[in-house]
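Written below as structure tokens is the structure these notes are about.
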Amino acid sequence: MTPAIDVDQPRAVDHLDPKQFIIIKGAKVHNLKGIDVAIPRNKLVVLTGLSGSGKSSLAFDTLFAEGQRMYVESLSSYARQFLGRMEKPDVEYIKGVSPAIAIEQKVSTRNPRSTVGTSTEIYDYLKLLFARAGTTYSPVSGEEVRRDTITDVVNYIFSFEAGKRVLIMTPLIVHEGRTLDYELKILLQKGYTRVVIDGGPTGRQTVQVEELLEQEADRVNSLVNGASLELLIDRGTVQFDDAGQPDEDTQYRFSDSVQTAFNEGNAVCRVTITDRDNTVEASRVFSDKFELDGISFEEPSVNLFTFNNPYGACRRCDGFGKVLGIDPDLVIPDKNLSIFEGAIMPWRSEKMSQEFLKPLLKNGIRFDFPIHRPYKDLTSKEQKLLWTGNKYFDGLDQFFQFVESQTFKVQYRVMLSRYRGKTTCPECRGSRLRKDASYVKVSGASITDIVLMPITEAVQFFRNIELPTHQQQIANRILTEIQNRLDYMERVGLGYLTLNRLTNSLSGGEYQRIKLATSLGSALVGSMYILDEPSIGLHPRDTKRLVSVLETLRDLGNTVIVVEHEEEVMRAADQLIDIGPDAGTLGGELVFQGSFAQAVWSEGRGESEDVKNPLPYAHRSHTLDFLTGRETVPVPSFRRKSTNFIELKGARENNLKDVDVRFPLNTLTVVTGVSGSGKSTLIRKVLYPALLRQRGDAAEEAGKYAELTGSLDRIKAIEMIDQNPIGKSSRSNPVTYIKAYDYLRQVMAEQPVSKSRGYKPSHFSFNVDGGRCEVCQGEGEVKIEMQFMADIYLKCEGCDGRRFKQEVLEVTLRDKNISDILNLTVDEAIDFFRVADFKMADKLQPLQDVGLGYIGLGQSANTLSGGEAQRVKLASFLGKGNPKKGGTLFIFDEPTTGLHFHDIRKLLVAINALVDQGDSVIIIEHNMEVVKNADYIIDLGPEGGDTGGYVTFTGTPEAMVQLPQGENYTADYLRGKV
């Protein structure tokens, strides 16, 4: 038992046992104020606090950095030579650090071949399962393909009664370059003496090889003309011993003879059973080849199911799953039209209509084809007929073959390019594997079927799997691993994904939960897991399942440290550590440590005794205030109503079920639903690209939908504010993104020292030569490439991490040079510029308004989390520089990522400011604090994956909570908030 930490006693960490606690003494990394923290081992510990209070500094930059440094210390001398320059976290000491594993939100792979299956190692086990326990079936007859073994042949022979005569034969093969005469001489030299001639003029007969060789060539040719020649390998009788078992000597003899027959006859052997009168009773051909129905199959092996290997990759798409082919959605763009109304776009021209469409319209009645029915209402068989055609008309496949044959003419090349697009490879169905890999099946399903199933379905498949006894013994251990990993994937809320989904198409939260499920599958013990907000992207319904996964990880014997703001996770924690009380320089202190029950008990006791802060800490906790209801995110006093709408009809991309959705303008609209219900597909894949294309802007291909109507003229600009990084360059930072740095460089260039030396604004840029440090190119750090390890970034020795040359740093504004100013946090910079330059303070104000007062002005963009990057983008629109103000549609993808309750209030103020100035806002969100502030809710569901994709509710939060209990997941969780 880990001893409890008494919340009423200030702790002296020096006297705690490192075997029971991870002890951090005097942590001063970034804004931490020399705090002492003791984290109990093998517990679920949640680190919380305001955004920028120092949680990540404690978890990642202190604990994980020390764990990583200690690991590197155990490596080779090559790796250790960098340790002298690799900075140790700024702490007095850390004791009891376990091997550290950090699971962050960043999607670290851009490999176009990496999938959910390969990332979680499930696919490796699937390959092994199909290679070891898979059964190959012929696509022609559906029969099992198997090679006959010597044991199979011998068992067949001994299935007959004793005394039956056995002839073991093999086809006589005349090898290339030899005559029959020459072949017979070689066989005679090998010791074979008889040949069976079957089907010639004399019927079936056994002839001595020597006799054939003695006869004239013409006589031999007439004898074998039209007959099959077989070499007689052995003759014998079926014999059993006194116990009724096959006679051992006879068994060995037949085994050797069958082996010889396979060797001589190119893996083919015939066994004929006769009675004593030489009347044939049975005859059967055995083959040692892996073939059936005239098709030779590949035997299952791991490489056959590996799409990263040329041997296993699909021949058509080279293992990418996509090909450049004819895109059906470009050929038939409007599915509401019938064939008669011109649904087929390339057949609308007069020439093509005459040649290809007219025969279909004229003869459609002959094969009962409904030419007046909308394309979307045709059966799949009727839709397929349009492509394949029949004897009455040429289908689209023949049409495009004709177009391809005419590509020497420019107009046909243009036409072909118009209908080409990246489509799912028809040969492998997007699974990336060669076609014959799908002939191998386990319990009736191929590996292609399994990787294309949603994980929820795959879980059910493996739960109910039934295998023959022999295969079950082989697959037992593999199945256990697959079932465990799939179960973990479902429990972390990813049941709607398929194993075939590309890793680089996942959100940060999804990728983090995949890494979490993989960690659970590897079943490490005694490690320290540090997770960065694993609940991102999860509906409250799914968060409970995530908590159970974290508890499983803890119960295995690991210390699980979670940086989190989600109330459900905090309530489940064994220990809650609150860092604060505020952000930036006002944070960095230990505000509370203890269990959730202790927190509520202490707060309740404080109220009853009328004590302002009953805890033994110097500051009040915003976290505890929100958890106990002392602080809340207010519900708006009224809901805005809109008279203008845009309407999206017939959305059917991914799992969307042909839905029609109305989006009100000039309001705050929130799109909700459980994970995988189709929210991101509806907004990011359909609505956003469709709106851009409507305006004539370049956009990626929009998802499938029928039409987009409504007050489209009122939208002057569309801005997607997502969690992608704000800049690809490591020199990109918040102050450059919001265009405030240009003004700052101008201010620095106007200082007296700059004027006397002729410095221009460009001297204060770290993107061009002039004033920047040339050793690190203005980065402030240099990259050291490590063998077999992640690269290490070390402070530049040329400028000591200050980015600029010494002479440029001599230019100061109120005693601060450009490097000092960039090292200020936004809050500190606003206070500084209120005195130094009021206009600069105004330019930085939006960053503070969206709750980013704690980030550094010059902080590298690639160190910002997804949520922080998103709020920097929001800040750039809150400034006074948006020319399309009042006519912009803003789309936010989970803006509360990384935000504490306290900061969500600030964010809502900023977002409402956009709506108040006439803009429209659509937010994809799970956080109930944001949902309750919506003017209009669009809820998708009811479940994720194939069972989702329907619109389950539209209206105000007040209308939503009136739904019956259990009918809508979002309504159930919103009920206590409105």
Side-chain angles (χ1 to χ4, degrees), residues 2 18-24 39-47 58-60 62-75 79 94-109 114 116-126 128 455 477-494 499 503 509-535 545-564 569 572-575 788-790:
T2 303
K19 290 180 180 176
Q20 294 186 315
F21 293 92
I22 298 166
I23 302 164
I24 305 167
I39 298 172
R41 283 184 174 285
N42 302 341
K43 297 290 181 187
L44 173 57
V45 179
V46 170
L47 280 176
L58 181 63
F60 291 97
T62 306
L63 257 182
F64 177 65
E66 178 65 7
Q68 193 180 40
R69 192 190 68 80
M70 289 172 71
Y71 166 68
V72 173
E73 215 164 33
S74 68
L75 296 178
I94 302 179
K95 289 181 183 175
V97 176
S98 309
I101 299 160
I103 304 177
E104 298 184 81
Q105 294 166 30
K106 296 188 178 91
V107 180
S108 58
T109 177
S114 175
V116 169
T118 57
S119 298
T120 54
E121 299 168 8
I122 294 171
Y123 194 72
D124 296 325
Y125 286 103
L126 280 177
L128 206 54
I455 285 169
R477 189 76 187 91
I478 303 171
L479 285 172
T480 303
E481 293 292 340
I482 292 172
Q483 285 163 349
N484 285 344
R485 281 168 162 76
L486 285 172
D487 187 47
Y488 293 139
M489 289 287 285
E490 192 176 33
R491 283 171 62 193
V492 296
L494 296 175
L499 294 175
T503 310
E510 286 171 332
Y511 185 74
Q512 188 183 18
R513 293 199 298 284
I514 276 182
K515 300 306 285 180
L516 177 59
T518 308
S519 299
L520 272 167
S522 60
L524 290 178
V525 175
S527 300
M528 178 172 69
Y529 283 91
I530 303 175
L531 290 92
D532 188 9
E533 293 194 72
S535 67
R545 291 151 86 187
L546 172 71
V547 168
S548 77
V549 170
L550 297 175
E551 288 170 344
T552 304
L553 200 56
R554 173 200 66 192
D555 295 342
L556 283 172
N558 297 296
T559 307
V560 183
I561 299 167
V562 187
V563 177
E564 188 56 270
V569 183
D574 300 316
Q575 285 267 306
F788 313 118
M789 284 182 59

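Being a predicted model, the structure only gives us computed values, none of them experimental. Just so you know, these numbers use all the heavy atoms, side chains as well, and skip hydrogens, waters and symmetry mates. Start at 1 with the first residue, then count along the sequence.
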Expected list for residues 545-554: side-chain donor-acceptor pairs under 3.5 angstrom, two or more places apart:
| residue | atom | partner | partner atom | Å |
| --- | --- | --- | --- | --- |
| Arg545 | NH1 | Asp542 | OD1 | 3.2 |
| Arg545 | NH2 | Glu490 | O | 3.2 |
| Ser548 | OG | Arg491 | NH2 | 3.4 |
| Ser548 | OG | Arg545 | O | 2.7 |
| Thr552 | OG1 | Arg491 | NH2 | 2.6 |
| Thr552 | OG1 | Ser548 | O | 2.8 |
| Arg554 | NH1 | Asp574 | OD1 | 3.1 |
| Arg554 | NH1 | Asp574 | OD2 | 3.0 |

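Minimum interatomic distance between Pro40 and Gln575 (heavy atoms only, all atoms of both residues): CG-CG, 3.4 Å. Scanning all heavy atoms of the two residues, the minimum distance from Val46 to Ala573 falls at CG2-CB, 3.5 Å. Residues Ala59 and Leu63 come closest through the heavy atom pair O-CB, 3.3 Å. Contact between Asn558 and Ser527 at its shortest, heavy atoms only, is OD1-N, 2.9 Å. The shortest non-hydrogen separation linking Thr62 to Leu58 is CB-O, 3.2 Å. In this structure, Ile482 and Ile122 approach most closely via the heavy-atom pair CG2-CG2, 4.5 Å.
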Quiz item: Given the rule in the side-chain contact (heavy atoms from CB on, under 4.5 Å) test, do Leu479 and Tyr125 qualify, once you have shown the distances and angles that lead to the verdict?
Solution: CA-CA 8 Å; Leu479 285 172; Tyr125 286 103; over 6 Å; no
Self-check item: Evaluation steps, side-chain contact (heavy atoms from CB on, under 4.5 Å), between Val45 and Val562
Solution: CA-CA 6 Å; Val45 179; Val562 187; over 6 Å; no
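Classification of Arg69 and Glu66 as a salt-bridged pair holds, one side-chain N sitting under 4.0 Å from a carboxylate O.
For Thr518, the side-chain contact (heavy atoms from CB on, under 4.5 Å) partners at least two apart in sequence or on another chain are Thr120, Glu121, Ile514. With sequence neighbours excluded, the residues satisfying side-chain hydrogen bond (donor to acceptor under 3.5 Å, both in side chains) with Ser98 are Arg41. With sequence neighbours excluded, the residues satisfying side-chain hydrogen bond (donor to acceptor under 3.5 Å, both in side chains) with Ser535 are Glu564. Residues meeting the ring-ring contact (aromatic ring centres under 6.0 Å, His included) test with Phe60, sequence neighbours left out: none. The side-chain contact (heavy atoms from CB on, under 4.5 Å) search around Leu128 returns Arg132, Val302, Ile478, not counting sequence neighbours.
In terms of modelled atom types and a separation under 3.5 Å, the side chain of Asn484 and the main chain of Gly521 share no donor-acceptor contact. Between the Asn42 side chain and the Asp555 main chain, no donor and acceptor come within less than 3.5 Å of each other. With Ser114 contributing its side chain and Thr503 its backbone, the two residues share no donor-acceptor pair below 3.5 Å.
Proximity of Arg477 to Thr480: side-chain heavy atoms (C-beta onward) are separated by under 4.5 Å at one or more points. Between Ile101 and Met528 there is no side-chain heavy-atom pair separated by less than 4.5 Å. Ile103 has its side chain out of reach of Ile530: every pair of non-hydrogen atoms, C-beta onward, lies at least 4.5 Å apart.
Note that NZ of Lys515 is 11.0 Å distant from OH of Tyr529, once rounded to the nearest 0.5 Å. Taken from CZ in Arg485 to CG in Asp124, the straight-line distance is 9.0 Å, to the nearest 0.5 Å. Interatomic distance, CD of Gln20 versus NZ of Lys43, reported as 10.5 Å (0.5 Å rounding). Rounded to the nearest 0.5 Å, atoms CG (Leu47) and CG (Leu531) are 11.0 Å apart.
Applying the salt bridge (Lys or Arg N to Asp or Glu O under 4.0 Å) test to pairs two or more places apart or on separate chains, none has a residue in residues 94-103.
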